[in-house]
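Everything on this sheet refers to the single structure shown next.
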Amino acid sequence: MSDPSGDKLVICLDLRHELADVMDPRALDQRFRDAMREAHVRSADVSRVLVIDTTAALVSHHAAYERLCSKSLVSTVLCLAVGPAPGPDEHVLSLPAQLRPPMAAILWIGDVRGIGWRPGQGRSLALTDTDLAADDIAGLEPLIELLQVAEVFDEAVTTLGELPSAVASPALRLLVHEVPEEDLMRAQLQALDSCTSPPDDLRSGPAPGGALGVLAGYTEPEDLSVADCLPESSLLRQAHWRSVQGFSEADDGLNRLASWRGLLGLDDPAAEVVEALRGAGHALADYRDSIEQTFEWVDGRAGLNADGRDHLTQMGIQLPHVPGTRPDEVGAELRRQVIVRLERRRPLPEIVSWLRDFAGRAVPTGSAAQIERLHRICPDPLLDTLVEPPPASNGATLVRPALWGAAAALLAASGPLGMWGAVLALVLLAAGAVRTAGSVRRMSPTVVAALGGAWVAGSATGLALHTAGVPAWADAPLLVLALLAVAQSARALWTAAVRDWRAATCLSEAVTATESLGEVLDQGVLGHWLLADARAGASDQAKALAHLVQTVCDTLAEFAEQLGRRASPAWNVGPRASERTGEFGRRGGSTFAVEYIGQAGQALQATLAGDIDDLVAEVLSPYWHVVLRDPSSAASLPVVARTDELVHEYQRQLSRVGTTPPPPFARVPASRPDPATLVGVDLHRIVDVLLPDSRGDALQLCSPDQLRMLDRAPAAAHSFGFVPQAVQGAFWQTVGDQSGAGRGDGDEAVQAGARSAARTPASVSVRLPEIVWTGSGRFAGLLRLVPLSVGAVRSVWPEETDGTGTTREAASPPSASRTPGETG
């Protein structure tokens, strides 16, 4: 019903069914508003009215035309009168007096089946045979749709105004830029399949950036560190440093114990270290238990409650706001991500997969789930070992002590003391071993055996050297060296014992556990507490959106199944049957005046797929704020009903006006391809219709007998062509090619909508009719208006109640001669 220009509407009124609405002022105004709603405009020029009526009821509807012509909103009325001339004399057409220029004009269709005739032609007529009755208005639907294009409406009214009585019989040659119904259904099914079927390599897509990446765990919050949330003054951070300090003191004690000072000290060498280990063990236990208690009390699996936040505050933990993580910000970004994917024509299952993947990554696992990890990092046996460290023992590494012991025995036995020197070395070695073990009873048999064997070997070698004779000057050095060797043996044995004891106390494991506990705490702060509310809300929002998109996808898939079942019989119909039941046939009948010249190609399929994506966005549009504010409401929203409503509305538009006009929910209607690109229109076909040799092929919408009512002189008829504005440049190029001349460099572009005598570039030699450039991309063709002959039209008033019973001739009433815009 709407002109694609958007601000000009041609209001179509069918007086056969809407007479009561026309006579009721309120109902008539509502009818105008309904037409605007159907056209999806809020402000429009509604001054053009197309009236459908029958010739039999034309005069009796005098009051309705009086009301329309006197309505201030209406400036032009074009009446489409269908049927033969009524009354005993069927060669005179009686018209209401109001239907005269400049306010009104009339197109008379005597027979919708039409005949093949051209002005000036004699008795040679082409009779047509269709499945329509002579007055079946269903056969006029293409003409009615054409006259609802504002440019064609204006041109028809203007041309009729130049004819006698502003009445003419139309001849039509109409090319509809649309594909056959079965091809359109196939293209729709392909578009639906590309939208609702998951791709072979279904993936969730790249990781989102910004706040969504932070919530999903891909990145860390920018300009925000753990120190901002967990300051050094917090209780958990202080517990961490107490543990670190305790283990540092224990390590220092072990280092001192392994030195000469520890070996030569008189007090218990391990007492200080044992005390430090106990203190560090208790500090580590307190640290782990504090983290565990906080993780358990402040879980964050479903966000943070008031008690949890109070506990964190008491522990000195701060939770600053992370930019971009408020519910409205997260919801807006999720919406943007979905819209971007729809604009990129990504399949709906892929969008659902991305939303669900994000929801799974964003959902907080809760800090309580990390408690078991805390016990794996810092198990109870480790704490028990620290609190009750094992006693010190001789080291297990005896190679160096044994070598130094053998050297001491060799040097002592080879010196001046001989055997007594070897005995002295043995006593000193035993003293070192006892010092290392702490008491004679704790000495390891292995150590005793190793040192004893080394002493025997060294003493035997030294005594052999002593017997062979050693110079006198070497006695003192040998004795000193023997004492040093004894000291090194004791030191080596002591160092090995301290090293083994260090390993037995699990000091290094405890230090590692302290650092690991700190890392778990940091992760808990940043991953569980800081973003607990934002992650829980984002996960719920993503799940709700995934549910909505999946519901739309399922509904579209179900519709595709239904469409496929409907399409199967059409695809199985033979060529002859399809000619009779094409696009126009399913709307009530077919005529030879209408030809569908579109083809389904990649451009059409891509455009239909884009329409489906735009439809999905339109379905979701009223629910964004509802779902993002309350994700739990997703299951109760009427998504299926709204999807069905928009799908069926879209189907009605395809059936009524085809694929060329964008649907009302199109997000970027200006980007829709022109008709020639969209449905593969051959511009040569349009030019052929407008060429002089082809104009006579227009179907005259009257019967052979009604030709006597027409002015059949060749110069009497007025013709004009109509071509979509979108193909104007290509059209003239095609005209030039077909006429054998191209457009010259100096030719000026023809202005759209300007009425002129030629409307063709100077270099085009072929004579074309006057051409109207339309904003509608669906129609092209020729409309020829043949005036009625003198005496074939009579303007009348309604019968007067004076008893005569006759109808008097009409004078020119004021309402018929007023200028457009005046009120009656």
Any donor-acceptor pair under 3.5 Å from [X] side chain to [Y] backbone:
X      : Y      : answer
Glu333 : Val330 : no
Thr643 : Val639 : yes
Arg278 : Val387 : yes
Ser539 : Arg535 : no

Do [X] and [Y] have side chains that get closer than 4.5 Å, going by heavy atoms?
X      : Y      : value
Arg361 : Leu215 : no
Ser197 : Pro347 : no
Glu249 : Glu275 : no
Phe358 : Val363 : no
Arg642 : Ser621 : yes
Val552 : Val640 : no
Leu383 : Cys378 : yes
Arg344 : Asp613 : no

Carboxylate-amine/guanidinium proximity below 4.0 Å for Arg237 and Asp522: yes
Does a salt bridge link Arg667 with Glu618, judged by any charged N lying under 4.0 Å from a carboxylate O? no
For Leu355 versus Ala542, what's the shortest heavy-atom pair and its separation? O-CB, 3.6 Å
Within the supplied structure, the quantity of interest is the number of heavy atoms (other residues, nucleotides, ligands) at a distance under 6.0 Å from [X] [atom1]; does it exceed 12?
X      : atom1 : result
Glu296 : CD    : no
Glu509 : CD    : yes
Gln245 : CD    : no

Supply the atom-to-atom distance [X] [atom1] to [Y] [atom2], rounded to the nearest 0.5 angstrom.
X      : Y      : atom1 : atom2 : answer
Glu519 : Leu517 : CD    : CG    : 9.5 Å
Trp354 : Leu545 : CH2   : CG    : 8.5 Å
Thr325 : Asp533 : OG1   : CG    : 9.5 Å
Asp328 : His625 : CG    : NE2   : 10.5 Å
Leu348 : Ser353 : CG    : OG    : 12.5 Å
Leu235 : Thr294 : CG    : OG1   : 8.5 Å

Can you name the residues that form a side-chain hydrogen bond (donor to acceptor under 3.5 Å, both in side chains) with Asp380, not counting sequence neighbours? Arg288
side-chain contact (heavy atoms from CB on, under 4.5 Å) assessment of Asp289 paired with Glu292: CA-CA 5 Å; Asp289 292 343; Glu292 178 180 352; 4.0 Å; yes
Stepwise, does the side-chain contact (heavy atoms from CB on, under 4.5 Å) test hold for Leu374 with Tyr287? CA-CA 11 Å; Leu374 295 177; Tyr287 184 35; over 6 Å; no
Would you sort out whether Trp297 and Asp310 count as a side-chain contact (heavy atoms from CB on, under 4.5 Å), showing the intermediate values? CA-CA 10 Å; Trp297 287 3; Asp310 291 343; over 6 Å; no
All pairs passing side-chain hydrogen bond (donor to acceptor under 3.5 Å, both in side chains) where residues 541-552 contributes a residue, at least two apart: Gln550-Asp554
Applying side-chain contact (heavy atoms from CB on, under 4.5 Å), run through Leu236 and Leu521 and close with a yes or a no. CA-CA 9 Å; Leu236 289 176; Leu521 176 60; 3.6 Å; yes
